[in-house]
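Below is one structure, written out as structure tokens; the observations come after it.
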Amino acid sequence: AQKITQTQPGMFVQEKEAVTLDCTYDTSDPSYGLFWYKQPSSGEMIFLIYQGSYDQQNATEGRYSLNFQKARKSANLVISASQLGDSAMYFCAMREGFAGNQFYFGTGTSLTVIP
Amino acid sequence: GAGVSQSPRYKVAKRGQDVALRCDPISGHVSLFWYQQALGQGPEFLTYFQNEAQLDKSGLPSDRFFAERPEGSVSTLKIQRTQQEDSAVYLCASSLNSGRTSTDTQYFGPGTRLTVL
């Protein structure tokens with residue numbers, strides 16, 4: 001079974017609107033971390049936001065927030081007030097257990113912001 | 001303010017050649033990871049170092065792939081007798097690994113795009 005599933009290959013959003021990118025995960029480990037990365041056409045993976053499995057509140061970082069629904073095993077990324085520079089691939093990733101373990105990545109969602 | 005750096009950024013090899021890809025992690029980061037990203041896919045784990053010790057190499061696709069980090073900082077991923085299916089972007093990531101999960105974010109380099117002809 002896939003550890004991380006991203007079901008939206010491509011998404012479009014109007015500039016200044018909000019957009020939600022979906023991510024579901026599969027693990028039996030009670031301790032895990034969820035991460036979102038942005039990968040522009042230049043190729044570098046840019047860290048956006050982190051959510052720990054024991055965190056009580058949803059993570060927020062500027063215009064990025066994570067809608068963490070533990071019972072549903074989902075960790076959707078919400079980008080508010082989209083900007084043209086947000087156009088990129090977005091990857092959801094999970095680390096099981098603690099520091100030092102590998103990340104499992106989804107197949108990504110390509111986001112295009114329309115002016 | 002150096003992040004993770006990788007060299008070369010692009011490498012073209014003829015089938016059967018050996019290649020070496022270099023990664024300079026963020027200074028002070030204990031953990032170092034190598035991932036392979038095929039076109040249109042997410043990164044897939046290759047191997048992991050904690051300091052100079054290679055603790056997990058379960059993702060290396062064959063014995064043609066070899067990685068080292070002899071002094072616990074710079075790492076080299078070597079691919080012997082390259083094949084066309086080795087064509088991909090090779091990403092290196094490092095993390096602090098302080099023991100606190102919130103600081104275990106992996107920071108990625110720009111990657112090396114390998115094309116095997």
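Throughout, a chain's letter reflects where its sequence line sits, starting with A, and its residues are numbered from 1. Every value quoted in this text rests on a predicted model; they were computed, and no experiment measured them.
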* To do: Give a yes or no on whether Lys70(A) atom NZ has more than 12 heavy-atom contacts from other residues, nucleotides or ligands under 6.0 Å away.
  => yes
* Where on Ser110(A) is there a heavy atom nearer than 4.5 Å to chain B: the side chain, the backbone, both, or neither? -> neither
* Using non-hydrogen atoms only, which part of Glu44(B) is less than 4.5 Å away from chain A: side chain, backbone, both, or neither? -> neither
* Tyr104(A), part contacting chain B, at a heavy-atom distance under 4.5 Å -> neither
* Options Ser58(B), Pro43(B), Gly109(B), Gly59(B), ranked by heavy-atom pairs under 4.5 Å with chain A, top entry -> Pro43(B)
* Asked: Has Arg64(B) got more than 12 heavy atoms of other residues, nucleotides or ligands less than 6.0 Å from its CZ?
  -> yes
* Under 4.5 Å from a heavy atom of chain B, the part of Phe103(A) involved -> both
* Asked: Under 6.0 Å between the ring centres of Phe108(B) and Tyr37(A)?
  -> yes
* To do: Please check if atom CD in Gln17(B) has more than 12 non-hydrogen atoms from other residues, nucleotides or ligands closer than 6.0 Å.
  => yes
* Would you say Leu48(A) and Leu34(A) are hydrophobically clustered, going by side-chain heavy atoms of ILVMFWY under 4.5 Å? -> yes
* To do: Would you give the length of the straight line joining atom OH of Tyr50(A) to atom OG1 of Thr105(B), rounded to the nearest 0.5 angstrom?
  => 7.5 Å
* Does one hydrophobic cluster hold both Phe65(B) and Tyr35(B), with members joined at side-chain heavy-atom distances below 4.5 Å? -> no
* Contact part of Gln6(A) toward chain B, heavy-atom cut-off under 4.5 Å: side chain, backbone, both or neither? -> neither
* Could you tell me which portion of Arg113(B) (side chain, backbone, both or neither) has an atom closer than 4.5 angstrom to a non-hydrogen atom of chain A? => neither
* Asked: Rounded to the nearest 0.5 Å, how far does CZ of Arg95(A) lie from CG of Asp104(B)?
  -> 4.5 Å
* Atom of Gln106(B), atom of Asn101(A) and distance for their closest heavy-atom approach -> NE2-O, 3.5 Å
* Asked: Within a radius of less than 6.0 Å around NZ of Lys73(A), do more than 12 heavy atoms belonging to other residues, nucleotides or ligands occur?
  -> yes
* Asked: If you group Ile, Leu, Val, Met, Phe, Trp and Tyr by side-chain heavy-atom gaps below 4.5 Å, do Met11(A) and Leu84(A) land in one group?
  -> yes
* Asked: Of the backbone (N, CA, C, O) and the side chain (C-beta and beyond), which part of Phe49(B) lies under 4.5 Å from a heavy atom of chain A, both, or neither?
  -> neither
* Ring centroid separation for Phe45(B) and Phe105(A), is it under 6.0 angstrom? -> no
* Same apolar cluster: Val13(A) and Ile49(A), side chain cutoff 4.5 Å -> yes
* Structure fact -> Tightest non-hydrogen contact, residues Asp56(B) and Gln102(A), listed as OD2-NE2, 4.4 Å
* To do: State plainly whether one hydrophobic cluster holds both Phe35(A) and Leu21(A), where clusters connect Ile, Leu, Val, Met, Phe, Trp and Tyr through side-chain heavy atoms under 4.5 angstrom apart.
  => no
* Under 4.5 Å heavy-atom distance to chain A, tell me which part of Leu55(B) shows up: side chain, backbone, both or neither. => neither
* Asked: If you count the non-hydrogen atoms of other residues, nucleotides and ligands that lie under 6.0 Å from CD in Glu71(B), is the total more than 12?
  -> no
* To do: Using a 4.5 Å cut-off on heavy atoms from C-beta on, say whether the side chain of Gln37(B) contacts that of Phe91(A).
  => yes
